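Down below is the structure, laid out as structure tokens.
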2 protein chains.
Amino acid sequence: MSKKKYTIADIAYMAGISKGTVDRVIHKRGKVSKKAYEKITRILKEIDYQPNLVARNLKKNKTYTLYVLLPDPEQDPYWAPCVEGINAASREFQSFGVMVEAVFFDPSGTKSFNATCKQVLKQEPDGVVFVPLFYQESLAFAEKCVKKKIGLATFNGSLPEGQAGSFIGQDLHQSGRVAGKLLHQLLGDDKKVAVIHADEAYQNAIHMQEKEKGFRDYYEGLKGNTTIITQTLPHKDIKNVAQSMKHFFAEHPDVSGLFVTTSKGYLLDGALPETHAGIPVVGYDLIEKNIKALESGVIDFLIHQNPRQQAYLGVSYLSEYFAFDKKIPGKKLLPIDIVNSENYIHYLE
Amino acid sequence: MSKKKYTIADIAYMAGISKGTVDRVIHKRGKVSKKAYEKITRILKEIDYQPNLVARNLKKNKTYTLYVLLPDPEQDPYWAPCVEGINAASREFQSFGVMVEAVFFDPSGTKSFNATCKQVLKQEPDGVVFVPLFYQESLAFAEKCVKKKIGLATFNGSLPEGQAGSFIGQDLHQSGRVAGKLLHQLLGDDKKVAVIHADEAYQNAIHMQEKEKGFRDYYEGLKGNTTIITQTLPHKDIKNVAQSMKHFFAEHPDVSGLFVTTSKGYLLDGALPETHAGIPVVGYDLIEKNIKALESGVIDFLIHQNPRQQAYLGVSYLSEYFAFDKKIPGKKLLPIDIVNSENYIHYLE
DNA sequence: CAATTAAGTGTGCTCGACAACATTTCTGCC
DNA sequence: GGCAGAAATGTTGTCGAGCACACTTAATTG
């Protein structure tokens with residue numbers, strides 16, 4: 001398991017040759033005779049040479065700049081934990097010459113996003129981690145980065161396959177299935193349930209649809225006979241959710257479970273008509289208001305997307321790539337954490 | 001946020017003094033005039049000097065040896081993921097001179113544990129990460145380590161407070177509460193439920209009791225009127241669990257939910273009498289047999305203790321301590337992951 | 001007052017990887 | 001054979017921290 005650590009000098013000695021030549025072989029920069037090349041290659045393989053990353057990093061002595069673009073946590077608390085994750089990763093890698101800078105944009109429109117992108121590009125960073133909130137704009141930005149050979153990672157949303165860089169997030173379709181399973185566990189067979197797409201100012205439409213699809217897929221795979229209806233709760237109605245819900249349940253009195261596809265599950269707190277007060281609800285995201293709703297019993301389960309970890313990993317992947325030449329994992333799917341009133345505390349920190 | 005990085009040479013230049021003196025100030029090894037000391041200290045504070053850990057590590061050029069003691073995964077598959085976690089951490093830190101060696105012991109008695117401890121101590125390691133399966137023996141071992149100034153971390157079980165070293169694990173009492181909540185969510189109020197302590201060859205007694213206590217605490221905090229009974233399923237009976245369960249339910253026909261405090265929940269697969277076939281069950285640990293039981297619907301929820309992560313963190317903490325002089329966190333409680341048939345996949349890997 | 005000791009300071013080498021630069025060896029050609 | 005020029009190889013300095021050793025003052029004593 002643990003072996004002696006060999007240095008380039010060791011190898012040079014073993015091969016009866018100088019370190020310069022060994023280095024040339026390792027880095028494939030030619031000017032080496034076939035004989036020497038083969039000899040060294042054989043030794044390298046034999047001892048399974050692992051270069052000392054510490055020494056390598058010290059020699060390079062380069063500082064890398066890394067920008068993280070994400071929605072302003074002040075406007076949507078969902079993003080607050082990301083900042084913490086970014087800082088944690090930043091602390092970890094600053095010794096290795098990686099400088100991390102977080103930049104916020106206004107998620108309510110594309111204008112701020114575009115402006116921020118431009119600004120970041122002007123800094124000529126070595127790497128960029130960003131949240132691809134707006135599809136077209138993100139695509140354009142990613143392309144520019146690739147052209148400028150800027151390292152790339154996205155989290156909490158993906159770009160189409162084949163795009164360079166890393167994607168860190170959750171399998172949304174599967175998380176819909178998890179929600180389906182949870183409601184099914186709470187309700188049993190042959191009930192009527194509703195998918196609620198509650199107010200998202202910006203284009204979470206794709207997200208929401210993916211989740212709904214997973215949810216429906218789960219129920220379709222069962223022998224049972226559950227009915228699923230979909231209800232959208234647009235922005236203009238969130239001032240009076242109680243009213244909307246009253247209408248909804250008047251129309252669908254037999255709905256016995258709700259799946260809220262966004263982080264707005266807390267809106268149901270105090271907004272469910274008496275006739276349906278204790279009805280099972282599954283929602284998303286550990287934001288403060290949702291936790292309150294968990295504790296008051298309005299929401300039964302939350303699905304945690306771990307934004308902190310997503311941001312942390314995004315920064316870490318690029319940092320390790322810069323500092324240690326590690327290759328960037330193409331895709332990293334995080335666990336779909338199921339949270340209730342008794343275990344949420346450990347996911348906060 | 002990101003500042004220029006200063007080196008000792010920079011500071012020496014700024015203070016108009018040599019780097020030797022700066023170094024003496026930083027490491028407090030005296031032989032410095034008051035004047036020089038104050039000048040340098042002021043500069044250090046002013047620029048918030050952070051030593052280059054890479055260079056430091058390179059210079060020290062020491063290799064640290066770290067042993068991990070855990071039960072043999074061949075005898076209990078619960079521990080298998082730990083090996084993976086250990087390897088992951090090992091890979092990560094081998095560049096920094098940390099050599100990790102995993103050693104297995106037979107969990108069925110203290111003899112093997114003691115022998116392994118002795119053997120490990122003989123190797124004079126710099127650090128030890130171990131699973132304190134046997135209380136008295138673990139205590140003695142920990143003391144010896146402290147005396148020999150060996151770095152210490154435990155996972156999946158704790159030693160009494162005040163002991164040096166780190167503890168990584170789960171809040172077992174709270175995990176019992178989580179189980180209670182889950183059964184409550186599935187069953188509703190005023191039911192009769194049972195806590196099953198299913199066969200553990202070795203002293204998991206404390207673990208099981210902690211979990212039961214949490215479980216009962218949860219129900220006691222409710223307004224409802226749930227009855228809880230406890231049933232032990234000893235080793236000799238696991239050959240015929242069906243028989244035991246038949247007797248159990250004959251005696252307690254009104255039990256409508258089960259909480260299995262060990263990883264042996266899968267024993268119920270095919271062992272529940274027809275009268276109670278679909279009864280809700282909450283168990284522990286993502287071992288293969290339990291996952292099968294999850295998928296077949298015998299087990300509804302599993303609580304995941306993330307042994308992989310526990311082992312990974314244990315090794316990481318000590319490694320960071322050796323390689324970067326980071327201080328070891330005293331206690332790290334991992335999330336209590338709730339797992340059902342739809343999300344278990346992400347916790348495996 | 002020279003000699004000894006202590007206190008404070010500076011210099012230079014090491015760790016391992018790496019690459020620029022210097023040097024040697026080989027090849028072809030007149 | 002001699003010589004240019006390419007090809008191969010060797011040497012050395014760098015990155016930043018850290019420490020042993022050498023060195024310079026200042027203080028003390030016979």
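Keep in mind that this is a model prediction, so the values were computed, not measured. In the text below, chain A, chain B and the rest are named by the order of the sequence lines, each starting its count at 1.
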* Could one point to a donor on the side chain of Lys19(B) or the base of dG18(D) with an acceptor on the other under 3.5 Å away? ->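 Result: at least one qualifying N/O pair found.
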* Asked: Looking only at N and O atoms, is any donor in the side chain of Arg24(A) or the base of dG10(D) less than 3.5 Å from an acceptor on the other one?
  ->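 Indeed there is one.
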* Does one side chain, of Tyr78(A) or Asn156(A), offer a donor that lies under 3.5 Å from an acceptor on the other? ->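 Their side chains do contain a donor-acceptor pair, which is all the 3.5 Å distance test asks for.
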* Look at the side-chain N and O atoms of Asn61(A) and state whether any lies under 4.0 Å from the OP1 or OP2 oxygen of dG16(D). =>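 Yes, because at least one side-chain N or O of Asn61(A) sits under 4.0 Å from OP1 or OP2 of dG16(D).
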* Asked: Should Thr7(A) be listed as having a side-chain N or O under 4.0 Å from OP1 or OP2 of dC15(C)?
  ->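 No, outside the criterion.
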Once you round it to whole Å, what is the distance between [atom2] of [N] and [atom1] of [X]?
X	N	atom1	atom2	result
His27(B)	dG18(D)	NE2	C1'	6 Å
Lys5(B)	dC15(D)	NZ	C1'	11 Å
Tyr13(A)	dG10(D)	OH	P	15 Å
Arg29(A)	dC18(C)	CZ	C1'	7 Å
Lys31(B)	dA27(D)	NZ	C1'	16 Å
Ile26(B)	dA17(D)	CD1	C1'	9 Å

* With distance as the sole test, does Asp10(B) use its side chain to make a donor-acceptor pair with the main-chain N or O of Thr7(B) at under 3.5 Å? ->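 Checking the backbone N and O of Thr7(B) against the side chain of Asp10(B), a donor-acceptor pair under 3.5 Å is found.
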* **Polar side-chain atom of Ser90(A) near backbone of Ile86(A) as donor-acceptor pair, under 3.5 Å** =>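 No; judged by distance alone, with no hydrogens or angles, the pair does not exist.
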* Take Gln119(A) and Tyr67(A) through the test side chain to side chain donor-acceptor pair (under 3.5 Å) and record every step on the way to the result. => CA-CA 11 Å; Gln119(A) 188 200 324; Tyr67(A) 279 83; over 6 Å; no
* Asked: Once you build an axis from the first five pairs and another from the last five of the helix from dC1(C)-dG30(D) to dC30(C)-dG1(D), how far apart in angle are they, to 10 degrees?
  ->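 For the helix from dC1(C)-dG30(D) to dC30(C)-dG1(D), the axes at either end differ by 70°.
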NA contact type, [X], heavy-atom cut-off 4.0 Å: base, sugar-phosphate, or nothing?
X	answer
Tyr49(A)	sugar-phosphate
Leu58(A)	base
Ile17(B)	sugar-phosphate

* Name the residue closer to the 5' end of DNA chain C, choosing between Val32(B) and Ala9(A) according to the nucleotide with the nearest heavy atom. =>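 Whichever sits nearer the 5' end wins; that is Val32(B).
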* Asked: Toward the 5' end of DNA chain C, which comes first, Lys34(B) or Lys60(B), by nearest nucleotide?
  ->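 Final value for this comparison: Lys34(B).
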* Would a line drawn from the ring center of Phe155(A) to the ring center of Phe167(A) be shorter than 6.0 Å? ->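 For Phe155(A) and Phe167(A), the ring centres are not under 6.0 Å apart.
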* Along DNA chain D (nearest heavy atom to each residue), the more 5'-positioned of Ser33(A) and Arg56(B) ->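 Nearest-nucleotide comparison on DNA chain D picks Ser33(A).
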* Asked: When the ring planes of Phe130(B) and Phe113(B) are compared, do they come out parallel, tilted or perpendicular, using 30° and 60° as the limits?
  ->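 Judged by the thresholds at 30° and 60°, the geometry between Phe130(B) and Phe113(B) is tilted.
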* Asked: If you look only at pairs with a residue in residues 35-46 of chain B, which of them pass as a salt bridge (charged side-chain N to carboxylate O under 4.0 Å, His left out), with sequence neighbours excluded?
  ->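 Non-adjacent pairs meeting salt bridge (charged side-chain N to carboxylate O under 4.0 Å, His left out): zero.
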